[in-house]
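Below is one structure; the comments refer to it alone.
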Protein chains: 2
Amino acid sequence: MDASTQTCARALLEITPAIVQAIRVRMRAARLHELSVPQFRTLAFIGRHPGCSLSDAAEFIGLTLPSMSVLINGLVEAGLVLRQTSLLDRRRVTLNLTGTGASVYAHALEGTLAWLSQQLEPLPEADKQTVLRAMEILRPQFLTNTDATPIVEATHA
Amino acid sequence: MDASTQTCARALLEITPAIVQAIRVRMRAARLHELSVPQFRTLAFIGRHPGCSLSDAAEFIGLTLPSMSVLINGLVEAGLVLRQTSLLDRRRVTLNLTGTGASVYAHALEGTLAWLSQQLEPLPEADKQTVLRAMEILRPQFLTNTDATPIVEATHA
DNA sequence: TTATAATAGTTGCAGTTTCTAACTATTCGA
DNA sequence: TCGAATAGTTAGAAACTGCAACTATTATAA
């Protein structure tokens with residue numbers, strides 16, 4: 001294991017939790033759209049993968065199936081997500097955003113993004129580019145391929 | 001707000017929580033050193049700031065004072081941290097790692113670092129450098145200055 | 001065709017984490 | 001010296017998460 005890998009790992013381990021904690025605090029402070037970080041990420045996933053299953057969401061977010069089931073409970077009770085039994089396989093569950101869910105997500109995204117942008121704004125352009133490139137580099141390492149979910153039966157009223 | 005700032009913010013918001021979640025899962029899976037991410041970060045902070053106060057730790061980690069008090073409770077009960085009343089100001093609490101605390105932290109760091117390095121290892125050298133630079137750019141934006149704590153009465157047996 | 005196995009979720013239970021509100025103890029300032 | 005400010009703690013509640021055990025459905029194979 002070369003030194004640069006170690007240094008890089010150490011920096012990631014130090015910085016990324018701090019960033020996420022800052023995001024968490026900011027999201028909690030904005031009482032308007034009461035979403036936890038996992039809830040927010042789950043809404044984003046469902047938005048990108050209408051009709052996905054519970055397992056899909058659990059694997060992507062990094063939660064166990066029971067935990068995701070509970071998380072989805074909360075989102076369903078809040079009226080943000082629609083949980084329906086799949087017609088193709090009645091063991092499976094089909095997840096979709098409700099209109100409210102989509103708009104709550106959009107609002108949370110907008111608010112968090114505005115705040116985050118404000119934090120980044122003073123950085124020189126080159127630095128922003130570096131950060132952006134770094135995120136693109138890390139994406140495939142830590143985000144199980146986002147677009148593997150077959151988008152079938154997205155809606156079936 | 002220029003577009004690159006927005007794009008950068010969006011990427012951060014998408015990727016960093018995924019990285020931290022992966023770290024969390026990995027740390028939980030490694031039953032050996034049973035530390036949550038905030039506990040781990042707190043141990044790191046105390047290690048770098050022997051004799052720091054509860055408030056110092058709370059502010060750095062991004063928790064409220066009561067939450068940090070409880071978190072420290074756990075670490076004290078686990079024998080990882082020493083909580084003593086400050087001699088200079090008896091309202092204050094003085095935090096230090098125990099020998100066990102230092103070694104548990106070192107083990108957790110080592111294990112997590114090894115795993116994280118393994119994830120990064122396949123990346124080309126240039127990419128690692130980009131990631132490292134990005135972390136250094138983000139550090140001051142999201143990590144309240146780590147070295148502002150006056151290191152007094154680090155120990156007073 | 002039917003029994004067994006595998007898959008997808010849910011529920012119950014427990015342990016943590018984190019918050020707010022209310023409290024105690026100590027120190028500072030007028 | 002008395003009131004205000006500071007540092008922490010405790011109590012109570014809600015949310016998050018995991019494991020174990022369960023149900024329901026589908027696939028496999030004898």
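Computed from heavy atoms alone, side chains included, the values below leave out hydrogens, waters and symmetry copies. Just so we're on the same page: letters track the sequence lines, and every chain starts at 1.
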Nearest whole angstrom, please: distance from the [atom2] of [N] to the [atom1] of [X].
| X | N | atom1 | atom2 | result |
| --- | --- | --- | --- | --- |
| B:I61 | C:dT18 | CD1 | C1' | 14 Å |
| A:L88 | D:dA27 | CG | P | 10 Å |
| B:L71 | C:dG15 | CG | C1' | 15 Å |
| A:M27 | C:dT18 | CE | P | 16 Å |
| A:E77 | C:dT10 | CD | P | 12 Å |
| A:R28 | C:dT20 | CZ | C1' | 11 Å |
| B:R24 | C:dT16 | CZ | P | 16 Å |
| B:R26 | D:dT17 | CZ | P | 20 Å |

Side chain of A:T64 only, heavy atoms from C-beta on: which candidate in D:dG18, C:dT18, C:dT17 is closest?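 From the listed options, D:dG18 comes nearest.
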
Quick check: closest heavy atoms across B:L65 and B:A58, and the distance to 0.1 Å?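 Between these two residues, the closest heavy atoms are CD1-CB, 4.1 Å.
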
Does B:S67 place a side-chain N or O at less than 4.0 Å from the phosphate oxygens OP1/OP2 of C:dT17?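 For C:dT17, OP1/OP2 do not have a side-chain N/O of B:S67 under 4.0 Å.
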
Is A:Q39 near enough to D:dA15 that one of its side-chain N or O atoms lies under 4.0 angstrom from OP1 or OP2?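 Answer no for this pair, as no side-chain N or O of A:Q39 is under 4.0 Å from OP1 or OP2.
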
Would you please say whether a donor-acceptor pair under 3.5 Å links the side chains of B:D127 and B:T130?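 Their side chains do not contain a donor-acceptor pair, so the 3.5 Å distance test is not met.
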
Between the side chains of A:T5 and A:D2, does any donor sit under 3.5 Å from an acceptor?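 Checked: A:T5/A:D2 side chains pair up, N/O donor to acceptor below 3.5 Å.
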
Would B:R133 and B:E136 pass as an ion pair if we require N to O under 4.0 Å?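 Looking at B:R133 and B:E136, the cut-off is not met.
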
Which donor-acceptor pairs under 3.5 Å do side chains of residues 71-81 of chain B form with protein atoms, sequence neighbours excluded?
residue : atom : partner : partner atom : Å
B:N73   : OD1  : B:R83   : NH2          : 2.3

How about CD on B:Q141, more than 12 heavy atoms from neighbouring residues, nucleotides or ligands closer than 6.0 Å, or not?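 More than 12 heavy atoms, drawn from other residues, nucleotides or ligands, come within 6.0 Å of this atom.
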
What do you reckon, is CZ of B:R10 surrounded by more than 12 foreign heavy atoms closer than 6.0 Å?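 At most 12 heavy atoms, drawn from other residues, nucleotides or ligands, come within 6.0 Å of this atom.
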
N/O contacts under 3.5 Å, protein versus nucleotides 7-9 of chain D?
residue : atom : partner : partner atom : Å
D:dG8   : OP1  : B:L54   : N            : 3.4
D:dG8   : OP1  : B:V93   : N            : 2.9
D:dG8   : OP2  : B:S55   : N            : 3.1
D:dG8   : OP2  : B:S55   : OG           : 2.2
D:dT9   : OP1  : B:R83   : NH1          : 2.7
D:dT9   : OP2  : B:S69   : OG           : 2.5
D:dT9   : OP2  : B:R83   : NH1          : 3.4

